[in-house]
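Have a look at the structure below, then the notes.
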There are 2 protein chains.
Amino acid sequence: MNNSKPVRPELREKVLRAVEETGFQPNAIARSLVSKETRIIGVMIPDISNNFYSNLLYGIDSVISEFDYSMFLAISDEAVEKERKYLRLFKEKQLDGIILSSIHFLEGHSQTLHEIEVPVVVTGHDLHGYQIPTVNVNNVQAAYDATAYLIGLGHRRIACISGPLWDPPCGLDRMGGYRKAMRAHGLPIPEGFVAEGDFTAKSAYEAAKRIFEEQERPTAIFVATDLMAVGVLNFLHDEGIRVPDDVSVMGFDNLEIASLTRPMLTTVHNDPYMYGRAAGEQLLKQLRGETVERMSTVPHDLVIRQSVKALV
Amino acid sequence: MNNSKPVRPELREKVLRAVEETGFQPNAIARSLVSKETRIIGVMIPDISNNFYSNLLYGIDSVISEFDYSMFLAISDEAVEKERKYLRLFKEKQLDGIILSSIHFLEGHSQTLHEIEVPVVVTGHDLHGYQIPTVNVNNVQAAYDATAYLIGLGHRRIACISGPLWDPPCGLDRMGGYRKAMRAHGLPIPEGFVAEGDFTAKSAYEAAKRIFEEQERPTAIFVATDLMAVGVLNFLHDEGIRVPDDVSVMGFDNLEIASLTRPMLTTVHNDPYMYGRAAGEQLLKQLRGETVERMSTVPHDLVIRQSVKALV
DNA sequence: GTGAAAGCGCTAACAC
DNA sequence: GTGTTAGCGCTTTCAC
C-alpha cells in the first residue's frame with residue numbers, strides 16, 4: 001500500500017480491493033509511533049479573535065498544507081502559564097515543528113525553548129542571543145519610515161500612540177522608530193504627544209482624547225496598529241475634527257479594515273499572511289534539514305490612501 | 001505516575017525524582033495508541049481570514065481547552081476536495097471529535113458524514129434528515145426580525161443584499177426571512193431591489209451601486225453580513241448619500257467592525273464566539289456520552305446603533 | 001504493593 | 001517477490 005516495495009500487480013490489485021471492501025483506513029497514531037513523525041505543526045498565538053493572528057495562521061497553513069503538514073492550534077490568551085502548558089503538550093504530542101508567535105514568557109523562561117528538540121520558528125519577537133530562527137518585520141525601521149514620511153509632508157507636531165509595552169515589537173520598537181525619526185529631524189516630542197494603547201480601538205480612542213486635550217494639537221498622528229488607528233479616526237469623527245484636513249492619521253499593519261474606513265487609512269503594509277508564509281517556509285526548511293538564516297526580515301512598505309495630507 | 005494504583009510513598013518519591021532528573025516526558029502518541037483517545041478535536045472551517053470564523057474558533061477553544069482538549073485546525077478554503085481530505089485525515093489521526101462549519105459537500109456526499117465514528121457537530125447548516133447535532137441561529141427568523149424592524153419604522157421600499165447562494169444560511173435563509181417579512185406586510189419587492197453578494201465588502205459595494213441605479217431608490221437596505229454592510233456604507237459615503245438620513249442600513253452578525261464604522265452599524269447580533277461555545281459544548285456532551293438535542297439554536301437579537309432611522 | 005508480560009496498529013528488517 | 005517478526009512507548013492485566 002505504501003509502495004515501499006515492488007509487488008506483483010495481481011497482488012496489489014487484491015490488496016487494493018480488500019481495502020476498498022473493508023473500508024480500511026490506516027491509523028496515523030500507530031504509524032507515528034514507529035515513524036517518529038506526525039506531520040503536524042504546532043502553532044501558538046496569543047489571540048485568535050485578532051485579525052492579525054488569524055491571517056498569520058492563514059499564511060502558515062497555506063505553505064504547510066502544501067507539504068501535507070497540518071496544524072495543531074494553541075491559543076495562549078497571553079497567559080505565560082498556558083504558553084508553557086502548550087509547549088509541553090507540543091512535545092508530548094510529538095509534533096514535528098513549532099511556530100511561536102508573540103509569546104510572553106521569553107524573558108526568564110528561556111530555557112524552556114532550549115529544551116525543545118524539534119524545529120522552531122519564532123515570530124513577533126527579536127530573539128537576540130538565541131539560535132532560534134525568527135521572522136519579523138523591522139518594526140523600528142518601518143515606524144521610522146512612516147514618521148519620516150509624515151515629516152517629509154511638512155508635519156512638525158506629530159503625536160504617537162504605541163502598542164502596549166509588554167509587546168516589544170508594537171510597543172517599544174514602533175515607538176522607538178517614531179522617536180528616532182523625530183530626533184533625526186530635530187523635532188521635539190511634547191510629553192503629552194505620546195501615549196500607549198492596548199491594541200483595542202477603544203484604548204486608542206481614549207488616548208487620542210487625551211492627546212487632543214493638549215494646548216497645542218498635533219497636525220499628524222502615528223498609530224502603532226490599524227485597529228487602534230480606527231479608534232483614533234472615530235474619536236476625530238465624533239469630535240468633528242476632519243481627517244486629513246485638520247489632522248493626518250497614519251496606521252500600521254494594513255489590515256483589511258484599513259481600506260474599509262472613510263477616509264481610507266494610509267498605513268504601513270505589514271501583511272500577516274506573508275508573515276505566516278515566511279514563518280512556515282523557514283520551518284519547512286528546517287524540517288528538510290536545510291540551514292536557515294537566524295533572522296529573516298519580511299519587507300514593509302507604505303500604503304498611501306486618504307488619511308494623510310501634505311501641509312501647505 | 002498516573003495514580004492508577006496505590007503505591008508506597010517512598011517508591012512514589014523515587015519515581016518522581018527520577019522523572020525530574022531525566023527530564024522524562026510521556027509520549028502522547030504511544031499513550032493514545034493504547035488508550036484510543038487523543039484528546040484532540042478536529043475543527044474544519046472554510047476561511048480563517050474571516051473574522052466570523054476566527055471568533056468561532058475562539059469560542060470552541062474556550063470550552064474545549066477547559067476540559068483539556070486541544071484543537072486540530074483544518075482550513076478547507078471552500079474546496080469540497082479539501083473538505084473530504086481533511087475528514088479522512090481527522091479519522092486517520094484518531095481525533096476524538098469533530099466540529100464542521102459551513103461545509104460545502106453536504107449535498108451528494110452525505111455518506112461520508114455517516115462513516116465517521118466519532119462525535120460530530122455541524123454548524124452553519126441546517127442538516128435536516130441527519131442524526132448529526134447542529135448548532136445554528138435561526139437565520140430566517142433573524143432576517144425576518146431585522147426586516148420587520150425596518151418596516152415597523154415606516155420603511156416601505158427596502159432592498160436586500162444576501163450572501164452567496166451556495167451558503168444556504170447567509171444566502172437562502174437570510175434572503176428568505178427578508179422576503180417573508182416583506183410578504184407578511186404586503187410590501188412589494190421590486191426586481192432590482194435584491195442582489196447577491198459573495199461575503200466581500202467589495203461585492204456589496206457593487207451590488208449597492210446597481211440597486212441605487214434603480215428608478216425608485218430604497219429608503220432602507222438589509223445586508224446579510226456586516227462586512228458587506230460596510231461595503232454598502234462605503235458606497236453610500238462615496239456617493240454622498242447620508243446614512244441614516246437618506247437611507248437606513250441594517251447589517252447582520254455584529255462583528256467587531258459593526259461598532260467601528262461611522263455611523264455605527266445597526267445589526268443582528270449573531271455572536272460567532274457564542275456559536276463556537278455552543279458547538280464545543282454539544283461536542284463535549286457527546287464525548288461524555290450524554291445525549292444531545294439534534295438541533296440547538298443560539299438566540300439572536302437586534303443591536304440598535306446609528307445606521308437605521310425611523311421614517312417620519 | 002510490586003514486577004512482568006501482552007498487545008495497541010503500524011513499519012522496517014529479515015528470512016524465505 | 002513474499003511472508004514473518006521485532007519493537008515503537010505506553011496501559012492494562014495478571015501473577016506474585
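Lettering follows sequence order; numbering is per chain, from 1. What's counted below: heavy atoms across the whole structure, side chains too, no hydrogens, waters or symmetry copies.
- Remark: R8(A), L11(A) in residues 8-21 of chain A come within less than 4.0 Å of DNA chain D through at least one heavy atom.
- Defining each end axis of the helix from dG1(C)-dC16(D) to dC16(C)-dG1(D) as the rotation carrying four pairs' C1' atoms onto the next four, with five pairs an end, the two axes are found to diverge by 50° to 10 degrees.
- Taking 4.0 Å as the cut-off between side-chain N and carboxylate O, D167(A) and R174(A) do not count as a salt-bridged pair.
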When you compare the protein's N or O atoms with those of nucleotides 7-11 of chain C, which come within less than 3.5 Å of each other, and at what distance?
from: dC8(C); atom 1: O3'; to: K36(B); atom 2: NZ; distance (Å): 3.2
from: dG9(C); atom 1: OP1; to: K36(B); atom 2: NZ; distance (Å): 3.4
from: dG9(C); atom 1: N2; to: A30(A); atom 2: O; distance (Å): 3.4
from: dC10(C); atom 1: OP1; to: N27(A); atom 2: N; distance (Å): 2.8
from: dT11(C); atom 1: OP1; to: N2(A); atom 2: ND2; distance (Å): 3.2
from: dT11(C); atom 1: OP1; to: R31(A); atom 2: NE; distance (Å): 2.6
from: dT11(C); atom 1: OP1; to: R31(A); atom 2: NH2; distance (Å): 3.3
from: dT11(C); atom 1: OP2; to: N2(A); atom 2: ND2; distance (Å): 3.4

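- Side-chain contact between L89(A) and S70(B) is present, with at least one heavy-atom pair separated by less than 4.5 Å.
- D271(B) is not listed as a side-chain neighbour of N254(B), based on a closest heavy-atom distance of 4.5 Å or more.
- No hydrogens or angles considered: a donor-acceptor pair under 3.5 Å links the side chains of Y58(B) and D77(A).
- Between I103(B) and E83(B) the shortest heavy-atom distance is CA-OE2, 3.4 Å.
- Heavy atoms only, all atoms of each residue included: V137(A) and Y275(A) are closest at N-OH, 3.1 Å.
- V120(A) and P133(A) get closest at one heavy-atom pair: O-CD, 3.5 Å.
- Side-chain contact between L283(A) and Y69(A) is absent, with no heavy atoms from C-beta onward closer than 4.5 Å.
- Between E37(B) atom CD and dG9(D) atom P the separation is 21 Å, expressed in whole Å.
- Between the side chain of S203(B) and the backbone N or O of D198(B) there is at least one donor-acceptor pair closer than 3.5 Å.
- Scanning both residues, F52(B) and P272(B), for their nearest heavy atoms gives O-CB, 3.2 Å.
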